[in-house]
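One structure is given below, encoded as structure tokens.
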Amino acid sequence: MKHFTSVKDMGPLDKAIQEALNIKKQKYAASDLGKNRTALLIFFNSSLRTRLSTQKAAENLGMHVIVLDVQQGAWNLETRKGIIMDGDKPEHLLEAIPVMGCYADMIGVRSFARFQSKEEDYGEVILNQFIQYSGKPVISLESATRHPLQSFADHITIEEYKTTDRPRVVLTWAPHPKALPQAVPNSFAEWMVAAGYQLTITHPKGYELDESFTQGAKITYNQQEAFRDADFIYAKNWSAYRDPGYGRILSTDRSWMVDGKKMELTNNALFMHCLPVRRNMIVTDEVLDSPRSIVIPQAANREIAAQVVLGRILKGLPKNE
Ligand code: SN0
């Protein structure tokens, strides 16, 4: 594996799942693979699970890890090309990225959608600059349009908990006080269809996602209908994708919150969320604290997903001199 930015970099998914389940049984079996290798994890946005699980996965493989929070201590980075740098940003990504590449064998990047320009976000301008200018393998730690390490962990989790071959998976929009990216739902939809599951997406009118991610999924505005017979309920808020209104909140309708009554419509479904989750906005305490919630084992699988990806990238690196 060279870069990891979407499900398309994974190859056959049954093989990836097998690898993940093997790693889960023996996390330290390849603790020499990353000897004298350094992973640089760079965060333009906050992180808890991604930061901890990716660092842990790298350490399981014997790697060194450097974590850089751009907002805390690094020079404020300019990202626009051709700009006169007379403002508050002393360093340009065009120098910062190749410099980072000098110190690392691979670079993980978190850079959320900024909602200033849909073209820039959906063109993955920041992630692509890392790929273009670092000279090193790049791992998405959530980019503007996708969160593939999360989706892979979601896939592993569903494989572990499913009781039928092709479970019914429902992605439901839920209300949130802030405008959030579409990366998690885009990536989840794309990955679930690739995994061969029966995917239904439900959201209020106006929250349609980019169709290139949702092809193969059933889409309905009727949440109750979507919940009927579901095996997995995956809740997530996202902001509008369609224009006009890209990156905006169109609805705060609390009736979309996942609660115990809605869960009763399902086929005894399990509840999933990528976290962080806003209690009693997205989902009630009752559901989140119930035995049907698998958000913690889901988060635990982030380490396994990252270890599969980092291990594959390590195997593809040129020999250390
Ligand atoms: C991010 C998102 O893409 O939705 C990261 C999810 C893994 N979530 C948030 O930014 C939540 C922030 C909040 O205020 O709840």
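Both counts, for ligands and for their atoms, begin at 1 and track the order of listing.
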Does ligand 1 have any N/O pairs with the protein under 3.5 Å, and how far apart?
{"from": "ligand 1", "atom 1": "3 (O)", "to": "E142", "atom 2": "OE2", "distance (Å)": "2.6"}
{"from": "ligand 1", "atom 1": "4 (O)", "to": "K236", "atom 2": "NZ", "distance (Å)": "2.7"}
{"from": "ligand 1", "atom 1": "14 (O)", "to": "K178", "atom 2": "NZ", "distance (Å)": "3.1"}
{"from": "ligand 1", "atom 1": "14 (O)", "to": "R278", "atom 2": "NH2", "distance (Å)": "2.5"}
{"from": "ligand 1", "atom 1": "15 (O)", "to": "H176", "atom 2": "NE2", "distance (Å)": "2.9"}
{"from": "ligand 1", "atom 1": "15 (O)", "to": "R278", "atom 2": "NE", "distance (Å)": "2.9"}
{"from": "ligand 1", "atom 1": "15 (O)", "to": "R278", "atom 2": "NH2", "distance (Å)": "3.4"}

Side-chain contact test, heavy atoms from C-beta onward, threshold under 4.5 Å: evaluate it for I42 versus F130 and give yes or no.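 Result yes, sub-4.5 Å side-chain heavy-atom pair found.
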
Side-chain donor-acceptor pair present, S6, E190, cut-off under 3.5 Å: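 Per modelled atom types, S6 and E190 side chains form no pair under 3.5 Å.
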
Between W238 and Y207, is there a donor-acceptor pair closer than 3.5 Å when you use the side chain of the first and the backbone of the second?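 Present.
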
Where at least one partner belongs to residues 119-137, residue pairs that pass salt bridge (Lys or Arg N to Asp or Glu O under 4.0 Å), sequence neighbours excluded: none

Closest non-hydrogen atom pair between P204 and Y221, with its separation: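 For P204 and Y221, the tightest heavy-atom pair comes out as C-CD2, 4.1 Å.
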
Both conditions, 6.0 Å and 45 degrees, for the charged tip of R51 above the ring of F43: are they met here?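 Yes; both conditions hold, so R51 lies above the ring face of F43.
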
